[in-house]
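To start, the structure under review is shown below, and the notes come after it.
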Amino acid sequence: MRILVIHGPNLNMLGSRKPEIYGTKTLAEIDSLLQKKAGELGVELESYQSNHEGYLIDFIQEKAKGAAGIIINPAALTHYGLSLRDALEDSSLPVIEVHLSDIQHREEFRKHSVIAPIARRQISGQGWQGYIAALETLTALLSEGKHEQPSR
Ligand code: DQA
């Protein structure tokens, strides 16, 4: 079973980007912790980061067919990325939305997520451990067979 892990704009700078908010781990370190967890859970992960919404969409369109689910930190696209949201919805895959920081307790504009309505869960404010929680949540959902799209 293959799971896509997608990281949005500026997350390539993790480690040095506002460590007091996003933590000190680099994206490569987070990806490798995820790979370790995936090994324990017996799932395969494919990670991708881009600073460009269109490239994220190309990745989803290209990879969705062979995947069972998506973990995504859409970064700032969370708040306005409607074409990213459409691509995620069109994939028909269960989506778990992750944020390192607690987006409900920061600037006002961060409180609204355009991705949340099409995601099965939003995990926010748990730092890098939130990605691990997302992987556990998604694999549990998939093994329970509860991966139908939410009704809207
Ligand atoms: C973020 C929160 C977003 O508001 C922000 O634009 C990011 C990272 C997080 O992981 O906390 O780039 O998604």
Side-chain angles (χ1 to χ4, degrees), residues 2-38 40-41 43 45-64 67-142 147 149-150 152:
R2 173 178 285 249
I3 289 171
L4 307 177
V5 181
I6 302 175
H7 309 286
N10 299 306
L11 295 173
N12 56 317
M13 300 304 287
L14 287 179
S16 58
R17 178 188 181 205
K18 289 193 165 57
E20 68 285 5
I21 293 178
Y22 299 119
T24 52
K25 292 221 185 301
T26 64
L27 192 60
E29 287 168 342
I30 293 173
D31 275 340
S32 111
L33 287 158
L34 272 170
Q35 286 291 355
K36 188 166 168 266
K37 188 72 190 178
E40 288 164 21
L41 293 169
V43 297
L45 290 190
E46 183 167 357
S47 295
Y48 179 72
Q49 189 277 332
S50 178
N51 292 327
H52 306 276
E53 187 170 6
Y55 289 164
L56 297 171
I57 292 166
D58 288 346
F59 179 80
I60 293 164
Q61 290 181 358
E62 197 181 308
K63 303 285 181 172
I70 298 177
I71 294 169
I72 185 165
N73 183 344
L77 294 168
T78 303
H79 315 297
Y80 68 92
L82 292 172
S83 55
L84 177 61
R85 170 193 158 130
D86 280 350
L88 290 167
E89 188 174 18
D90 292 349
S91 77
S92 296
L93 292 172
V95 172
I96 310 287
E97 176 186 351
V98 184
H99 302 285
L100 294 149
S101 67
D102 181 355
I103 58 171
Q104 292 308 321
H105 295 95
R106 296 184 61 195
E107 301 95 321
E108 199 58 34
F109 76 89
R110 294 191 202 274
K111 289 185 181 168
H112 180 65
S113 167
V114 300
I115 307 297
I118 59 97
R120 298 302 310 268
R121 297 274 195 290
Q122 184 192 71
I123 295 172
S124 170
Q126 296 185 30
W128 66 266
Q129 290 94 334
Y131 285 95
I132 304 291
L135 183 55
E136 288 170 339
T137 303
L138 184 55
T139 48
L141 281 177
L142 289 167
H147 53 276
Q149 283 291 294
R152 294 175 271 284

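As a basis for the values below, the full set of heavy atoms in this structure was taken, side chains included, without hydrogen atoms, waters or symmetry mates. Just so you know, ligand 1 is whichever comes first in the structure, and atom 1 is the first atom listed for that ligand.
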Of the protein's non-hydrogen atoms, which lies at the shortest distance from atom 8 (C) of ligand 1, and what is that distance?
Tyr22 CE2, 3.6 Å
Nearest non-hydrogen protein atom, atom 2 (C) of ligand 1:
Ile103 CG2, 3.8 Å
Pairing donors with acceptors under 3.5 angstrom, does anything connect the side chains of Asn51 and Gln49?
yes
Would you kindly specify which portion of Leu100 sits under 4.0 Å from ligand 1, judged on non-hydrogen atoms: side chain, backbone, both or neither?
both
Can you find an N/O atom of His79 closer than 3.5 Å to an N/O atom of ligand 1?
yes
Students often mix this up, so state it plainly: with edges at 30° and 60°, are the rings of His99 and His79 parallel, tilted or perpendicular?
parallel
Treating Thr26 as the side-chain partner and Gly15 as the backbone partner, does any N or O pair qualify as donor plus acceptor under 3.5 Å?
no
Side chain Gln122, main chain Ala116, donor-acceptor under 3.5 Å:
no
For ligand 1, find out whether one of its N or O atoms is nearer than 3.5 Å to an N or O atom of Val98.
no
Give a yes/no verdict on whether any heavy atom in Asn10 is under 4.0 Å from an atom of ligand 1.
no
Is it the case that the side chain of Ser124 and the backbone of Ser101 share a donor-acceptor pair, with hydrogens and angles ignored and the cut-off at 3.5 Å?
yes
Heavy-atom proximity to atom 12 (O) of ligand 1 ranks first, among Arg17, His99, Arg110, for Arg17
Just to confirm my output: which protein heavy-atom neighbour is closest to atom 11 (O) of ligand 1, and how far is it?
Ser101 OG, 2.6 Å
Answer yes or no: does atom CZ of Phe109 have more than 12 heavy-atom neighbours from other residues, nucleotides or ligands under 6.0 Å?
yes
